[in-house]
Amino acid sequence: MSDSTDGSSGLSFPTSLGTSTADQIRLLGQDLTADLMGRVSFGELAFWLVALRRPAPSETRVFEAVLVALADHGFTPTAIAARLTYLSAPDSLQGALAAGLLGGGSRFLGVTGTLPTTQEGWDAVALKAVRESREAGRFVPGLGHPVHKVTDPRTPALFAIAEQEGLLGPHLRLFEAIGRVHEQVLGRRLPLNGAGVCGAALADLGLPVELLRGFALLARAAGLLGQIAEERRRPIGMDMYMTVDRNAVYVEPDPKAPEDPKAPDPPD
């Protein structure tokens, strides 16, 4: 519980985040109204809340570029889930947002051990990672997209921003190398997708790998809110539902069908 008491209730719950009194709110050791409101961007604050350090301007630029890249990608399954949940329960905005967020998922890269210093060295590490993924029957993280078959436009843009800010770190370098070598193992060329480059960029900022999906969901919450707002202005949820429902056709189950068919490429 605690290592000290406040002398009144006998309880204490230490936190490095937010506290409040009758006349003041403090967050991250700062006065919320005097030090943060109007002075700190939301993206900067989100980084600070997790890392417990204020990001440098260069880090904020890369971090906020990631949030923008992941906010919305059209009628993805997460957007459709949010719209259809809103159709079913328009009195529960939080339910529609939650439905979209619960369907969110991404694949990120991690780097451990001694880091290469040359392109050839990174290519060797990447080749080993791709081969191991292939041998284990797993998707190679960050490769492929159902819409962007040649280049995901977010990928070169984020690489450029990270390089401009001097933040092209080991995770991005490994991701870049995977883009160069994967064809040798897979026999076909796939684009480096936005989810992968965003995960690598966040890892290079020193953010915990275990929490990276949370930042993707933070960004997607804004996009989902936009989707729901558009659903209110120009509803299509009923058309989606009726199109599927009215075209449902019963078929006899196929006993030979695989129980776990190959999943499609990640949508966003």
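Hydrogens, waters and symmetry mates are skipped; everything else that's a heavy atom, side chains included, is used.
For the residue pair Gly194 and Leu70, the shortest heavy atom distance occurs at O-CD2, 4.4 Å. When all heavy atoms of Ala221 and Leu97 are compared, the pair lying nearest together is O-CD2, 3.8 Å. Closest approach of Leu205 and Arg53 over heavy atoms only: O-NH2, 3.3 Å. Summarising the geometry of Glu44 relative to Pro55, their closest heavy-atom pair is CG-CG, 3.6 Å, with the distance given to 0.1 Å. Between Gly223 and Asp72, the closest heavy-atom pair is O-OD1, 3.9 Å. Between Ala201 and Leu158 the shortest heavy-atom distance is CB-CD2, 4.0 Å.
Hydrophobic clustering, with ILVMFWY side chains joined whenever heavy atoms are under 4.5 angstrom apart, keeps Met37 apart from Phe42. Under the 4.5 Å side-chain heavy-atom criterion for grouping Ile, Leu, Val, Met, Phe, Trp and Tyr, Trp48 is not connected to Val62 through any hydrophobic cluster. Connection of Leu45 to Val68 is not established within any shared hydrophobic cluster, with ILVMFWY side chains joined at heavy-atom distances below 4.5 Å, either directly or through further cluster members. A continuous path of ILVMFWY side-chain contacts below 4.5 Å connects Leu101 to Ile228, so both sit in one hydrophobic cluster. By the rule that hydrophobic residues join a cluster once side-chain heavy atoms approach within less than 4.5 Å of another member, Leu17 and Leu36 end up as members of one cluster.
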Evaluate Arg61 against Leu167 for side-chain contact (heavy atoms from CB on, under 4.5 Å), listing each step before the verdict. CA-CA 10 Å; Arg61 184 176 180 228; Leu167 293 170; over 6 Å; no
Take Arg26 and Leu32 through the test side-chain contact (heavy atoms from CB on, under 4.5 Å) and record every step on the way to the result. CA-CA 5 Å; Arg26 297 191 66 80; Leu32 178 69; over 6 Å; no
Using side-chain contact (heavy atoms from CB on, under 4.5 Å), reason through His182 and Arg188 one step at a time and then give a plain yes or no. CA-CA 8 Å; His182 71 271; Arg188 58 178 179 145; over 6 Å; no
Does the side-chain contact (heavy atoms from CB on, under 4.5 Å) test come out yes or no for Gln227 and Tyr86, once each step is laid out? CA-CA 10 Å; Gln227 290 280 342; Tyr86 184 78; over 6 Å; no
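Side-chain atoms of Asp204 come within 3.5 Å of backbone atoms of Leu172 as a donor-acceptor pair (strictly under, hydrogens ignored). With hydrogens and angles ignored, the 3.5 Å screen pairs a side-chain donor or acceptor of Glu59 with a backbone N or O of Ala56. Between the Thr243 side chain and the Asp239 main chain, a donor and an acceptor come within less than 3.5 Å of each other. Not a single donor-acceptor pair under 3.5 Å links the side chain of Arg83 to the backbone N or O of Met238. Judged by distance alone, with hydrogens and angles left aside, the side-chain atoms of Asp245 form no donor-acceptor pair with the main-chain N or O of Tyr241 at under 3.5 Å.
From Ser133, atom OG reaches atom CG of Leu143 across 9.0 Å, with rounding to the nearest 0.5 Å. The CG atom of Asp35 sits 7.0 Å away from the CZ atom of Arg39 when rounded to the nearest 0.5 Å. A distance of 12.5 Å separates CZ of Phe215 from SG of Cys198, quoted to the nearest 0.5 Å. Taking CD1 from Ile178 and CG from Leu190, the interatomic distance works out to 12.0 Å, rounded to the nearest 0.5 Å. Here the straight-line distance linking atom CG of Leu49 with atom CG of Leu27 works out to 5.5 Å at 0.5 Å rounding. Atom CD1 in Ile80 sits 11.0 Å away from atom CD in Glu231 (nearest 0.5 Å).
Here the side chains of Leu211 and Leu207 are not in contact, with every heavy-atom distance at 4.5 Å or above. Within the 4.5 Å cutoff, side-chain heavy atoms of Arg154 are placed close to those of His73. When side chains are defined from C-beta on, Gln119 does not count as touching Arg173, because their heavy atoms never get closer than 4.5 Å. Contact of the Thr151 side chain with the Pro191 side chain is not registered, since no non-hydrogen atoms from C-beta on lie closer than 4.5 Å. You'll find the side chain of Val185 reaches within 4.5 Å of the side chain of Leu127, heavy atoms only. You'll find the side chain of Pro153 reaches within 4.5 Å of the side chain of His148, heavy atoms only. Between Leu192 and Val197, the closest side-chain pair of non-hydrogen atoms is not below 4.5 Å. Put simply, the side chain of Pro235 does not reach to within 4.5 Å of the side chain of Leu87, judged on heavy atoms.
With sequence neighbours left out, the ring pair (Phe, Tyr, Trp, His ring centres under 6.0 Å) criterion links Phe47 to Phe63.
Enclosure of atom CD in Glu163 is not indicated, since only 12 or fewer non-hydrogen atoms of other residues, nucleotides or ligands lie within 6.0 angstrom.
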